[in-house]
Amino acid sequence: MDILADLNPAQREAAAAINGPVLILAGPGSGKTRVIVHRIAYLVKVCGVNPRRIMAVTFTNKAAREMEGRLHHLVSGSVNNLTIGTFHAICARILRLEGKAAGIDPRFVIYDDEDQRSLLKRGLQEVGFDPKQYAPRAIQSAITSAKSRLLTPQDYLESGHSYFEEVVGRVYERYQQLLTDSSALDFDDLLMKMVQLFKQDPKVLSRYQERYLHILVDEFQDTNLTQYELVKQLAGKYRNICVVGDPDQSIYSWRFADLRNILNFERDYPEAKVILLEQNYRSTQKILETASCIIAANQQRKPKELWTDNKSGELTTVVETYTEQEEAQFVVNEVERLVGREEVNHGDCAVMYRTNAQSRALEENFVRYGVPYKLVAGTRFYERREIKDIIAYLRLIQNPCDSVSLLRIINVPQRGIGQRSLSQLSDLARSIGIPEYRALQVIAEAKDEPPSPFSSRARQAIAGFLNFMEELIAQSQGQNLVDLLDLVVNSSGYKEYILGGSDGEERWENILELRTVAEPYRDLKPLSGLAAFLEGVALVSDVDGLDEGVAAVTLITLHQAKGLEFPVVFMVGMEDGILPHFRSFDDPEQMEEERRLCYVGVTRAKQRVYLLRAFRRSLMGSSTVNKPSRFLGDIPTHLITGDTLWAGEDSSAATAMYSWDRAAAPSLAVTELKAGNHVHHEQFGDGVVVSCQLVEGDEEVVVAFDGFGLKKLLLSFAHLEKAE
């Protein structure tokens, strides 16, 4: 079988260019995953490279699973020893094997965002700062930024100039010590510790440089400095580094991704071969033209000419509604219209927005009209309280030094160990310089004279919890993961505890679902299964859990939508201040990223794109009148539908294609209408004017219609007729 037979010329060139550095600039929908998979297959089947000597790095577990599935289909079991996964997953794997050289306990737990903030809050208090004055989220972001630039606490303190940076530096220092005491790493540590290990131990680095003859990195535009340095270390010997990405889709600077990594790749690898993938297999020609017009204004990019053999397709539909409620109602009505005409099903449609807060109006309308939907990144499954509790028990079994898990569940269900006792426990542990779990043992062992200020009752409760955990730890040696999970739930009393609440049945169903997640680990050795399970759930992401087979409309942020595709895409909130976000107005680089975000949204669509804006929007406690997004003005009128659109039978204002030159529209600042006038509307019939108000060169009229109630209308759209 010719591995490269089904690829287009540019894809074949990219898959077969195996010697030295290669930069593949892959436009959206150009088949980059296909190229990576066929490149690996080519290395194995044609070039005879042992799969063990190939590393492929993705940015989501979902992408890694997709690649693995395609590879097994293409080259069968030949790739079983291939290293494939996210940066974090691969680093976690290596650190468990090699971390001892850097003082890392191989049983380390991985702290998620909530765990990190809990520890940061504690660190703030321990170095003398008030968490109410210095928000843990802000401190967390600053520390993540430091780690993404490979700055240690000492580096950060030496480079800081402001008082806030001094605060961050001191908290960072204490936070790292607390992580060490808990035998824990946060997500950023997984990367930073890996780079540090390679620098500290050249023998370990040499071993992995020799092992990985070929390294492939997907979504290279989303790497930060630490990830870039890690790739440079691993590719240092053979320089067979192939990176795939698109500067036009770099949208994660807030996660400290550095666009310069892909823009400057040729500077660090001057011998690099650059290959452009410009043929699009996803979208219609008109969608590509719309997207290209939006992104063309950016300066920080490498130009590409996207093209497709797909049909020309529908024009982009631009819709203006009066409020966010009408915007949402238009989406619901249009989805139902397309489904009713059997052009699509519900699962083919996605609604994308800049901020999570925008989903509220959409959800309300989908619920109101009974249209099925799924919300990506509502409360993540692994962030639900009952799931976090059970996982905390399991983490504590694996690693008793895990202070965050210990303090979370020591009194869940209630055991008579109150907040005062917990504070005293932490104080004792800090004063002696031992983990909290060891402090529990100290308290329990002091039989006659409990360490002040613990009462006999508190000591008894602590001893009871300690005995319970010691028994769980002992039994875990011979229990498979599923049986161990059942043991935790039942012997802790957690089942009765959770079922006693008002939403107990729903929470219990979530625990049963966690048991389903644990099933694939049942046949692994007891401790190995527990470790693999905990690492897996720690590294899962929002999009990993997205079931694309469910027949429901997807509600998702534009950031989360990257890497996905849908036949029909609705982008709501196309207003200055939302997209682009108001924070980008004074920052040219951020404005370019907002434009890239818009580009990413449009290029998710296969067949149809709807761009919607509301004249007046209530969001996050305030109501504002926003101008149309400046990105709409980049789309030529010949690419936009000219048909008048309505937001539905119950709409309070007609919606129409937006006129790009609003100033050219007839001014209605002065009208003959006033309160008490009788008017006629072609949809709502006869009514009486309640009030009139000038708004941005137009007039907002409130009319009481017979059978329809009060409606707010813009006079320029409403076409009201004054009755005699």
Compute whether any side-chain donor of one residue and acceptor of the other, for [X] and [Y], lie under 3.5 angstrom apart.
X	Y	value
Y281	N8	yes
Q590	S253	yes
Y228	D268	yes
E334	Y610	yes
T284	K311	no

When you compare the side chain of [Y] with that of [X], does any pair of heavy atoms fall below 4.5 Å?
X	Y	answer
N626	D576	no
Y353	L555	yes
L564	I556	yes
K147	T226	no
R354	M571	no
V331	V553	no
H581	T355	yes
F220	C242	no

* To do: Under the side chain to side chain contact (heavy atoms under 4.5 Å, CB included) rule, collect the residues that match up with A704, sequence neighbours excluded.
  =>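 Applying side chain to side chain contact (heavy atoms under 4.5 Å, CB included) to A704 gives V690, L710.
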[atom1]/[X] to [atom2]/[Y] distance, rounded to the nearest 0.5 angstrom?
X	Y	atom1	atom2	value
S250	R260	OG	CZ	11.0 Å
Q285	T308	CD	OG1	6.5 Å
I295	D634	CD1	CG	9.5 Å
E314	L639	CD	CG	13.0 Å
I635	L315	CD1	CG	11.0 Å
I275	I24	CD1	CD1	5.5 Å

Which heavy-atom pair separates [X] from [Y] by the least distance, and what is that distance?
X	Y	value
S148	F256	OG-CB, 3.4 Å
T317	T641	CA-CG2, 3.5 Å
E594	I578	OE1-O, 4.1 Å
V339	N345	CG2-C, 4.0 Å
N261	L225	ND2-N, 4.2 Å
D348	F566	O-CB, 3.5 Å

* State which residues pass salt bridge (charged side-chain N to carboxylate O under 4.0 Å, His left out) with E364; sequence neighbours excluded, sorted by chain then number. =>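 Salt bridge (charged side-chain N to carboxylate O under 4.0 Å, His left out) check on E364 returns R360.
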* To do: Output all residues satisfying salt bridge (charged side-chain N to carboxylate O under 4.0 Å, His left out) with D686, sequence neighbours left out; order by chain, then residue number.
  =>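 Salt bridge (charged side-chain N to carboxylate O under 4.0 Å, His left out) list for D686, sorted by chain: empty.
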* To do: Assess whether salt bridge (Lys or Arg N to Asp or Glu O under 4.0 Å) is satisfied between R117 and E114, documenting all intermediate values.
  => CA-CA 5 Å; R117 284 193 294 276; E114 184 181 337; 6.0 Å; no
* Which one of Q325, E324, Q329 satisfies the side chain to side chain donor-acceptor pair (under 3.5 Å) criterion with N365? ->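 With N365 as partner, side chain to side chain donor-acceptor pair (under 3.5 Å) holds for just one option, Q325.
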* Test D248 against every option in K304, R595, Q300, K302 by the side chain to side chain donor-acceptor pair (under 3.5 Å) rule and name the one that passes. =>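 Going through K304, R595, Q300, K302 one by one, the side chain to side chain donor-acceptor pair (under 3.5 Å) with D248 is satisfied by K304 alone.
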* Taking it one step at a time, do L191 and H88 satisfy side-chain contact (heavy atoms from CB on, under 4.5 Å)? -> CA-CA 7 Å; L191 307 177; H88 294 90; 3.8 Å; yes
Is it the case that the side chain of [X] and the backbone of [Y] share a donor-acceptor pair, with hydrogens and angles ignored and the cut-off at 3.5 Å?
X	Y	result
R301	P247	no
Q140	P136	no
E278	E305	yes
Q221	D246	yes
S283	A605	yes
N280	P28	yes
S629	F631	yes
R617	Q358	no
S359	N356	yes
N333	F330	no

Tell me, yes or no, whether the heavy-atom count around [X] atom [atom1], taken from other residues, nucleotides or ligands under 6.0 Å, exceeds 12.
X	atom1	answer
R630	CZ	yes
R137	CZ	no
E363	CD	yes

* Asked: Can you check side-chain contact (heavy atoms from CB on, under 4.5 Å) on V244 and D218, steps first, answer last?
  -> CA-CA 5 Å; V244 186; D218 193 11; 4.1 Å; yes
* Should the ring pair Y373 and F366 be called parallel, tilted or perpendicular, given that the plane angle runs from 0 to 90° and is split at 30 and 60? ->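 Rings of Y373 and F366: tilted, 30 to 60°.
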* Asked: Should the pair H559 and Y252 be assigned to parallel (<30°), tilted (30 to 60°) or perpendicular (>60°) ring geometry?
  ->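 Rings of H559 and Y252: tilted, as their planes differ by 30° to 60°.
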* Criterion salt bridge (Lys or Arg N to Asp or Glu O under 4.0 Å) on K32 and E219, from CA distance to verdict -> CA-CA 10 Å; K32 66 181 179 64; E219 305 288 7; 3.2 Å; yes
* Starting from the C-alpha separation in whole Å, work towards a yes-or-no answer on side-chain contact (heavy atoms from CB on, under 4.5 Å) for M352 and V569. => CA-CA 7 Å; M352 301 177 186; V569 167; 3.8 Å; yes
* Please report the C-alpha distance between R596 and E593 in whole Å, then the side-chain angles of each, then the deciding distance to 0.1 Å, and finally whether the salt bridge (Lys or Arg N to Asp or Glu O under 4.0 Å) criterion is met. => CA-CA 5 Å; R596 292 193 293 268; E593 179 153 329; 3.5 Å; yes
* Step by step, work out the side-chain contact (heavy atoms from CB on, under 4.5 Å) result for I262 and V243. => CA-CA 8 Å; I262 192 167; V243 301; 5.6 Å; no
